Amino acid sequence: MSELEIHRHSDPSSLDRALAEEIAGVLASAITVNGCASLALSGGSTPRGLLGCLGALPLAWDQVTVTLVDERWVDAAHPDSNARMVRETLLAGAAGAAAFIPLYTAREHPSQAVEEVEAALAGLGTIDVLMLGMGGDGHFASLFPDSSALAAGLDLGGERACIAVDPPAAPHARMSMTLPRIIDTDKLILHITGADKLEVLERAAAERLPERLPIAALLGLEQPRLEIHWAP
């Protein structure tokens with residue numbers, strides 16, 4: 001689609017290295033200007049290589065705060081925990097000096113922890129870099145099509161920074177940033193791989209129906225403009 005500006009990489013490893021360098025550069029600039037930097041990450045399997053590359057780069061990691069865009073409602077030792085994935089990749093080496101704000105609490109359901117998590121995130125202000133992935137159904141964060149929470153999650157006039165989600169098909173209840181909180185960033189990145197994901201993205205751009213393909217809500221934004229990185 002001509003209206004989509006996509007940074008195309010030859011393979012996932014090349015994408016991981018290039019994007020890691022770009023993110024590190026933005027964080028370093030923020031540290032120079034503000035004395036600190038913030039980074040919000042998505043989970044899943046796609047970003048594992050990228051986070052490993054990023055964590056190996058020299059940076060004043062003790063001045064960086066890392067958080068998540070969404071989290072499955074499982075404890076940090078669970079194999080499905082996004083926090084666990086971040087700790088095993090990005091925070092495994094020198095980057096372990098970064099501060100980490102989890103979205104999971106000991107509450108039974110994320111609906112009981114929304115205000116607590118919002119308070120923990122409030123001190124970040126505008127996030128320097130926020131990285132998203134996308135599912136084959138067009139969801140980003142934990143804003144799924146056919147979810148009863150989708151309308152509230154995509155409401156640009158909404159006052160919530162986070163929302164509890166019970167996905168109709170995916171496992172585990174979730175805590176997710178809402179669209180207003182997601183776009184409160186200086187750099188918004190979408191990181192996807194595979195021909196199938198590219199086809200979904202192009203369909204979302206053509207249809208512009210966020211209720212069917214939620215990623216459509218981010219396409220065409222002027223500020224922040226979605227920076228798309230893709231590899232086959």
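The structure presented is a predicted model; accordingly, all values stated were derived computationally and were not measured. Just so it is clear, the values below take in all heavy atoms, side chains as well, and ignore hydrogens, waters and symmetry mates.
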**Q** Under 4.5 Å between side-chain heavy atoms, counting indirect links through other Ile/Leu/Val/Met/Phe/Trp/Tyr residues: same cluster for Leu221 and Leu219 or not?
**A**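 Same hydrophobic cluster.
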**Q** Quick one: list whatever passes salt bridge (Lys or Arg N to Asp or Glu O under 4.0 Å) with Arg174, sequence neighbours left out.
**A**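 Residues passing salt bridge (Lys or Arg N to Asp or Glu O under 4.0 Å) with Arg174: none at all.
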**Q** Tell me whether Arg17 is salt-bridged to Glu21, with the criterion being a basic N under 4.0 Å from an acidic carboxylate O.
**A** no
**Q** Take the angle between the ring planes of His172 and His78 and call it parallel below 30°, perpendicular above 60°, tilted in between.
**A** perpendicular
**Q** Please answer: with hydrophobic residues joined when any side-chain heavy atoms are less than 4.5 Å apart, are Leu156 and Val69 in the same cluster?
**A**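 Per the 4.5 Å side-chain linkage, Leu156 and Val69 are co-clustered.
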**Q** Using the rule given for salt bridge (charged side-chain N to carboxylate O under 4.0 Å, His left out), can you reason through Glu118 versus Arg181, listing the C-alpha separation, both sets of side-chain angles and the distance that settles it, and then say yes or no?
**A** CA-CA 10 Å; Glu118 286 181 331; Arg181 187 64 182 102; over 6 Å; no
**Q** Give the intermediate values and the outcome of side chain to side chain contact (heavy atoms under 4.5 Å, CB included) for residues Tyr104 and Val74.
**A** CA-CA 7 Å; Tyr104 173 78; Val74 294; 5.6 Å; no
**Q** Donor-acceptor pair, Asp128 side chain versus Ser38 backbone, under 3.5 Å?
**A** yes
**Q** Between the side chains of Ser13 and Asp16, is a donor N or O closer than 3.5 angstrom to an acceptor N or O?
**A**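 Distance-only check fails for Ser13 and Asp16.
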**Q** Please answer: with hydrophobic residues joined when any side-chain heavy atoms are less than 4.5 Å apart, are Val64 and Val33 in the same cluster?
**A**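 Different clusters.
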**Q** Quick one: does Arg84's side chain have a donor or acceptor within less than 3.5 Å of a partner on Ala76's backbone?
**A**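 A pair under 3.5 Å: no.
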**Q** Going by the rule side chain to side chain donor-acceptor pair (under 3.5 Å), which residues pair with His139 if we only count those two or more places apart in sequence or in a different chain?
**A** Asp137
**Q** Mind checking what makes side chain to side chain donor-acceptor pair (under 3.5 Å) contact with Glu115, not counting sequence neighbours?
**A** none
**Q** Treating Thr89 as the side-chain partner and Arg48 as the backbone partner, does any N or O pair qualify as donor plus acceptor under 3.5 Å?
**A**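 Absent.
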**Q** Between the side chain of Asp155 and the main-chain N/O of Gly157, is any donor-acceptor distance below 3.5 Å?
**A** yes
